[in-house]
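Structure, as structure tokens:
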Amino acid sequence: MNSCNLEVKDGKLVSTTLCISSCPEEQLDTLEEIQLFAKNNGSFLCVYNLNSSNYTQNPHADSLCPRLPVPPSKSFPLFNRCIPQTPECYSLFASVLVNDVDTLHRILSGIMSGRDTILGLCILSLGLSLAMVFTFRFITTLLVHTFIALVILGLLFVCGVLWWLYYDYANDLSIALDTERENMTCLLGFAVVSTVLTAVLLVLIFVLRKRMKLAIELLWVTNKAISSSPFLLFQPLWTFAILIFFWVLWVAVLLSLGTAGAAQVIEGGQVEYKPLSGIWYMWWYHLVGLIWTSEFILACQQITVAGAVVTSYFNRNKNDPPDSPILSSLSILFCYHQGTAVKGSFLITMVRIPRTILMYIHNTLKDKQRSALARSMFRCCFCCFCCLDRCLRHLNQNAYTTTAINGTDFCTSAKDTLKLLSKNSSHLTSVNCIGHFIIFLGKVLVVCFTVFGGLMAFNYHRVLQVWAIPLLLVAFFAYLVAHSFLSVFETVLDSLFVCFAVDLETNDGSSEKPYFMDQEFLSFVKRMNKLNNARAQREENLRNQEGTELRPIVR
């Protein structure tokens, strides 16, 4: 009822909530205007037991009706709530909730007050992601060195801007609002985290600088595989559209579960819904369905990409590429390999559920005193589940490629993949990791430029909003978009590695059993083997020198 004058008690919102037929789209300044709005629209903004004819006559109308003025608002169709359209409301909202009373309303306040800026930054991240796809599609040595230089400059520039803004906030004597103080605190946290990440990435770039040329050659091979199926680059768009459709459907069912119950009149004439018995178990079932189905959709994308790469790789006539490898891969997926996608996504779900439970327990007990041992055990368990999740995702991707090659089920493919990778891990593993690292730097570059734009845009409205949460959301969205587009290169790279291992396992390069790989890939592999052999020889010589005893010089 009082969206701009919230009442908080014991960490909860206690403001009265009403059901109305329509939201006031214009500001209402007097009780007469509230009464006229009720008469014209049939929407009563005061409590139910106060008749609209008594809005201006009841002596207690000030406490039974919204506080004046009533801000203009619009209905938000998904949650059916009246969302105020006045930015000042969200400034007050954020200052009331500065102690993190209600996270959902906190996020909504920041998003609504800076929605135009957030939309512009999301479009910017989309444009930067497309630019990065174009960069990796036509990659050259000069382009990679320019790209790495931009990443280094972007990281240093964002760190410098964050520290400069923090210094500006800390020395601004006019800071009086809680929103500004919280922005300053968040800036300090952002600056420290970005500085640590920048230092780690700079060290990795320095250490891996000598292998960049080999990684570039590997990306050339990847681009040649993509050129046979250029529509692979649009796979993330289709996957993202399907995920959005599923998530909207999931939220609609979630709202139905949240309102499943019987209406009961409680003290004061108000109405509340008593949940149906057993509805709690449906919430957990619905949560598992969210994780499993989302992972299943992503698994279908990975199998489709892997199938297209396998079709192109194991084609003897490289001058006559196969027709419609993506459609062929999709048809094989839906006819034969849906069970493989279900099993692979189920493994990820079984790891994600304990992580979700751990996060729920952590958030529930974070305000209570816990021993250092309990905190350490929680962090260790969470890190173990994160590592297991990463390993399983990598195993699943390679198993999907083996399924596309041999047509075997998930368990057989996973077993064969482990054997293959253990035999051939010394050939391309290091360069494959560097290729993934360069692709990761592309995601970092997109996030850096998006965050820089967000810092410049949100800093001009430092009084009206707490923009730490919107900036985090923008950074997360930028990374998600960049990952969605550039993940195609990662998937193709991993699929090529498995195809290469299978090719080495079944063929020997003779005229009877020639390799399926083309001449560029074969020459790249020979250079890699030559470098690995030279390095192994140098290490052997060093060991021999260390084991040689010094002998006296004979004159």
Side-chain angles (χ1 to χ4, degrees), residues 100 103-104 107 193 197 239-240 242-244 246-247 249-251 253-255 257-258 275 277-303 338-400 403 409-415 417-418 421 436 440 443 469 472-473 475-477 479-480 483-484 487 490-491 494:
D100 202 14
T103 305
L104 175 62
I107 295 174
V193 172
L197 290 178
T239 305
F240 186 69
I242 296 173
L243 283 174
I244 290 294
F246 166 67
W247 289 338
L249 180 64
W250 186 86
V251 170
V253 176
L254 178 68
L255 295 177
L257 288 176
S277 59
I279 201 69
W280 175 252
Y281 301 103
M282 291 299 297
W283 282 80
W284 282 104
Y285 174 79
H286 200 48
L287 176 62
V288 173
L290 170 67
I291 300 174
W292 195 353
T293 309
S294 299
E295 294 295 337
F296 172 76
I297 295 171
L298 295 174
C300 289
Q301 175 192 332
Q302 293 173 346
I303 294 177
Q338 289 193 59
T340 300
V342 169
K343 290 179 182 177
S345 56
F346 179 72
L347 281 179
I348 302 297
T349 305
M350 294 304 294
V351 176
R352 294 286 295 275
I353 290 175
R355 285 177 58 189
T356 305
I357 294 175
L358 282 175
M359 289 300 299
Y360 174 76
I361 295 174
H362 174 70
N363 293 330
T364 304
L365 302 177
K366 65 180 181 180
D367 295 331
K368 299 181 180 180
Q369 293 184 353
R370 292 178 295 169
S371 63
L373 178 61
R375 290 194 298 268
S376 301
M377 290 181 61
F378 170 80
R379 290 168 183 164
C380 290
C381 292
F382 190 77
C383 290
C384 290
F385 278 115
C386 289
C387 295
L388 181 60
D389 180 78
R390 295 288 296 178
C391 294
L392 283 178
R393 287 183 185 278
H394 185 67
L395 175 64
N396 283 359
Q397 175 58 56
N398 294 329
Y400 296 151
T403 296
D409 60 273
F410 177 80
C411 296
T412 305
S413 299
K415 182 180 66 175
T417 298
L418 290 175
L421 296 182
H436 280 284
F440 174 73
K443 304 173 189 177
I469 294 176
L472 281 176
L473 291 177
F476 175 75
F477 181 82
Y479 183 82
L480 181 64
H483 175 73
S484 299
S487 62
E490 294 177 331
T491 304
D494 291 335

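Keep in mind that this is a model prediction, so the values were computed, not measured.
Note that SG of Cys300 is 11.5 Å distant from CD of Glu295, once rounded to the nearest 0.5 Å. With values rounded to the nearest 0.5 angstrom, Lys443 atom NZ is found 10.5 Å from Leu480 atom CG.
With sequence neighbours left out, His394 forms a ring-ring contact (aromatic ring centres under 6.0 Å, His included) with no residue at all. Asp409 pairs by the salt bridge (Lys or Arg N to Asp or Glu O under 4.0 Å) definition with nothing, not counting sequence neighbours.
Note: Trp250 and His286 have parallel aromatic rings, judged against thresholds of 30 and 60 degrees for the angle between ring planes.
Between Ser413 and Ala399, the closest heavy-atom pair is CB-O, 3.4 Å. Of all heavy-atom pairs spanning Tyr400 and Ala341, the tightest one is OH-O, 4.2 Å.
A 6.0 Å sphere centred on CZ of Phe246 holds more than 12 heavy atoms belonging to other residues, nucleotides or ligands.
Ser294 pairs with exactly one of Leu290, Ile291, Ile297 by the side-chain contact (heavy atoms from CB on, under 4.5 Å) rule, that one being Leu290.
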Could you walk me through whether Phe410 and Thr403 pass the side-chain contact (heavy atoms from CB on, under 4.5 Å) check?
CA-CA 7 Å; Phe410 177 80; Thr403 296; 5.5 Å; no
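Side-chain contact between Leu298 and Ser345 is absent, with no heavy atoms from C-beta onward closer than 4.5 Å. Between Phe296 and Gln338, the closest side-chain pair of non-hydrogen atoms falls below 4.5 Å.
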